[in-house]
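Both ligands and their constituent atoms are indexed starting at 1 by order of listing. Counting begins at 1 with the first residue of the sequence.
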Amino acid sequence: MREGTAHLVRREDYLAPAYRIRSVDLCFDLEPAKTLVSSRLQIERDPQAAPQPLRLHGEGLTLLRVLANGESVSFRHEDGSLVIDHPPEDASFTLEIRNSCCPEKNTELSGLYTSASGFFTQCEAEGFRRITYFLDRPDVMAVYTVTLRADKAKYPVLLSNGNLVEQGELSGGRHYAKWHDPFPKPSYLFALVAADLVAREQRIRTRNGQEHLLQVFVRRGDLDKTEHAMNSLIASIVWDETRFKLPLDLERFMIVAVEDFNMGAMENKGLNIFNTKFVLASPATATDVDFFGIESVVAHEYFHNWTGNRVTCRDWFQLSLKEGLTVFRDQEFSMDMSGGASARAVRRIEDVRQLRASQFPEDAGPMAHPVRPDSYVAIDNFYTATVYEKGAEVVRMMHTLVGREGFANGMTLYFQRHDGQAVTCDDFAQAIADANPGSALAVRLDTFKRWYAQAGTPTVTARGHYDPETGRYTLTLQQRCAPSPGQPVKQPFVIPVAMGLLSHDGTPLQLQLEGEDASAASAERVLVLEEAEQSWTFVNLGAVPVPSLLRGFSAPVILDDGLSDAERLVLLAHDTDAFNRWEAGQRLALSRLCAAASGQAPAHLDDAFIEAMRAVLRHPTLDASFKELALQLPSEGYVAEQLAVVDPQRIHAVRESMRAQLAQHLHADWMWAWEHHQVREGYQPTVAQAGRRALANLALAMLCLHAQRSADPVWPGRAYQRFKDAGNMTERLGALSALVESHAELAEPALARFHELFQGDALVLDKWFALQARAPEHEGRVFARVKALLKHPDFSLRNPNRARSLLFSLTMFNPAAFHRPDAAGYVFWADRVMEIDAMNPQLAARLARVMDRWRKLAEPYREAARAAIQRVAAKPDLSNDVREIVMRALADDASAAAAE
Ligand code: TRP
Ligand code: ZN
């Protein structure tokens, strides 16, 4: 039986806690089958609050004893929680609790659980209540002292937050360690680890002269894969000191890697716990993408130490306060780390691609919610692209409106005001505005904050009118935003539109607004759109200009720029803004893909487009990493989002045909690209090297694709050779994917060899599963292979990375293999969601979300999808997590609105 009942938690119902926990002393006797927890809480009553019962959260616990001020006290259970109707009347009292829990049966990976090497915890968002009874809410902050006792041979390393104050031997082969964390923290930041691990250590001295010990803990045998994580941590510490003057406040900072983990990593105070995927890397086993992923996740978790831990969230509706801000910070860090302007632009393009691939569909679907949600059933379902990535865009817009220095001042004021507190998104925005009186943000703060309150992606329509008589160019911007669940009508957003104008031969023009002095003109400016419609008139223009709008993707909106192909070709060839240059090429491709996928045009790429792509590929000064991004067609998922009715098979066929045309018409150019982008120096995960490897890999894939169509054995042979000889995983996997994606005969021996080479390496095996599940569908073979791989001895649904590698690869990234006219994909999806839900509801709910956009599907997909979702919804004993997702997916707009 599931514990607890599904009920909607509402933001407007927030009440400050009537009791606070000032300090907590925890003792753990760690055993996989039964761990004993004793907790001693120092509780204070709010003198203003009316006398009321003390309710401590608890879930799946066995209660052994409760004492209040050393004496027994009457209590009862309600929904797993512990209710003490008459706690002592003193302003401050102690509560002693003993309980047990069962870490080895904890397959949910929330609370205290066992993984191969020992015991680990995951407490965000509401996992602490699965360890002991507590006020498990982020606005209750306590000082923790933690004693761990465990078998010394099996669990030689005993860790918790803060500083180690004592350790020693116990009888029976056991040992203990006592930790104290001086910083008051919410329970979601508590962590412990008891495991058989080894550490890479580094001592550093920071600017103020303080010494710190940095440690990265991994399993024996993995130490040689921790250098990059350690370097990333040091770079993060230096960056936060330099850019935001935020120092490391701990004597010791630990990172621990664990195989079984629901998300990327967790920022527990001083003891970050990471999915191994975001720690372990060597050139032989990790790709360039993995190296960058590690750098950015290590930074993200480290940056939480200030944005999340020192200042935390008042309640879970404020999640974006820490997540949006911390994503913004890790994005800025990655850009600063990557070097020059064009490498920065590549990072920005990748971030925007990610936003459009996951957040835009979310904002247009049944799970649409504001950056600061108004209600939830399962908070774990709201660790979303909207809270994280759109939240980061909202912070980025503030940065744009107040400027880089103004933003840094705003951060300083935020910490002056709120260090040590649990606060709201309003507090953050207020601090940024107050530090910048009179700024474009401060003068319209209330309307700006609609970004926190209103869901949905606004569409901005831009139309220009040039008057040759007067040399005036009038740009009119309009905005609108479709209704979303519970929000039928939207108020206008504040939208910063960074822009420039180009002449038709590509020269940047000076922007002088009507009524302005010529000396005020510049080549780029930010227009602030805040009404439903506004116009700006630029003067002194000799000829009709080409507008370059929303440069750097200055706001998370859909732009309808109404530009012609000819104007887009100008931008692709000449825009000074690298993001818009890339965007112009993507739009040229997108319009062709959409026209063909909706049956309005044949799937034919015209010469103008092919020549433009050739010019980018052969460009003498553009970076390889930029070229690689520009030469990729928009994904099938992104094309689907543009269409009112989606036929996944048709989109796949059209895109594959266009890919084949690019492979054919640019054949000589791809050969050139392959030959001229080989990296001959030693492997370094730098932007420059990674760009060359990425472009060479794309070239190889295109050459193999063309070879398959022209029955040419040379390129598959070369790819196989490269696969065998490659000195690093990026090139090895690139060659393997080129073979698998082109259905070359050599793909099978290569896959077998890869498996044999990397049998013992879980993260590499994940790649092996994922690659097969992501191969372009071909006569139903990919789907059949995924079903067969489910029974592979190395496959397990219990390990989230492994489950994702096969199931998410198929359902999220391989639409043509998943959306089958015979509905077998949906049957498979429903079975797996229900199977995983019995073990790990968080993971099951993520998989459930792949059907969010089912209403857009053409028949016969749509009805089959509905039936599969209904079958899941009808299952008794479904978790709240999955129930919330499938109920929202099935709710029609009217009833979804009523449920809000
Ligand atoms: N706070 C973590 C981060 O963004 C996210 C996270 C890690 C998480 N584990 C989780 C969220 C489990 C919910 C459940 O860095
Ligand atoms: Zn985070």
*What residues, two or more places apart in sequence or in another chain, satisfy salt bridge (charged side-chain N to carboxylate O under 4.0 Å, His left out) together with D427?*
none

*Location of contacts on A265 toward ligand 1, heavy atoms closer than 4.0 Å*: backbone

*asked:* Suppose I only count heavy atoms of H300 and a 4.0 Å limit; which atoms of ligand 1 are within that range?
replied: 3 (C), 4 (O), 15 (O)

*Smallest separation among heavy atoms of E124 and Y383, with atom names*: OE2-OH, 2.7 Å

*Among all residues two or more places apart in sequence or in another chain, which pass the ring-ring contact (aromatic ring centres under 6.0 Å, His included) test with H228?*
F291

*asked:* Just to confirm my output: which protein heavy-atom neighbour is closest to atom 9 (N) of ligand 1, and how far is it?
replied: Q122 NE2, 3.2 Å

_Enumerated ligand 1 atoms positioned under 4.0 Å from heavy atoms of K322_ = 1 (N)

*Heteroatom proximity flag, D380 to ligand 1, N/O under 3.5 Å*: no

*In E323, what N, O or S atom is nearest to the Zn ion (ligand 2), if we give its atom name?*
OE1

_Give me the residue, atom name and distance of the protein heavy atom closest to atom 4 (O) of ligand 1._
Y388 OH, 2.5 Å

_N/O separation below 3.5 Å, Q842 to ligand 1_ = no

*Residue, atom name and distance, where the atom is the protein heavy atom closest to atom 14 (C) of ligand 1*: E124 O, 3.2 Å

*Do any of the N/O/S atoms of E301, backbone or side chain, fall under 2.8 Å from the Zn ion (ligand 2)?*
no

*Expected output: side-chain D136 to main-chain R129 donor-acceptor under 3.5 Å*: yes

_Closest contact, heavy atoms only, E295 versus S232_ = CA-OG, 3.5 Å

_Testing the 3.5 Å rule here: is there a donor-acceptor pair between the side chains of T312 and Y188?_
yes

*Would you say the side chain of V9 lies within less than 4.5 Å of the side chain of F317, judging by non-hydrogen atoms?*
yes

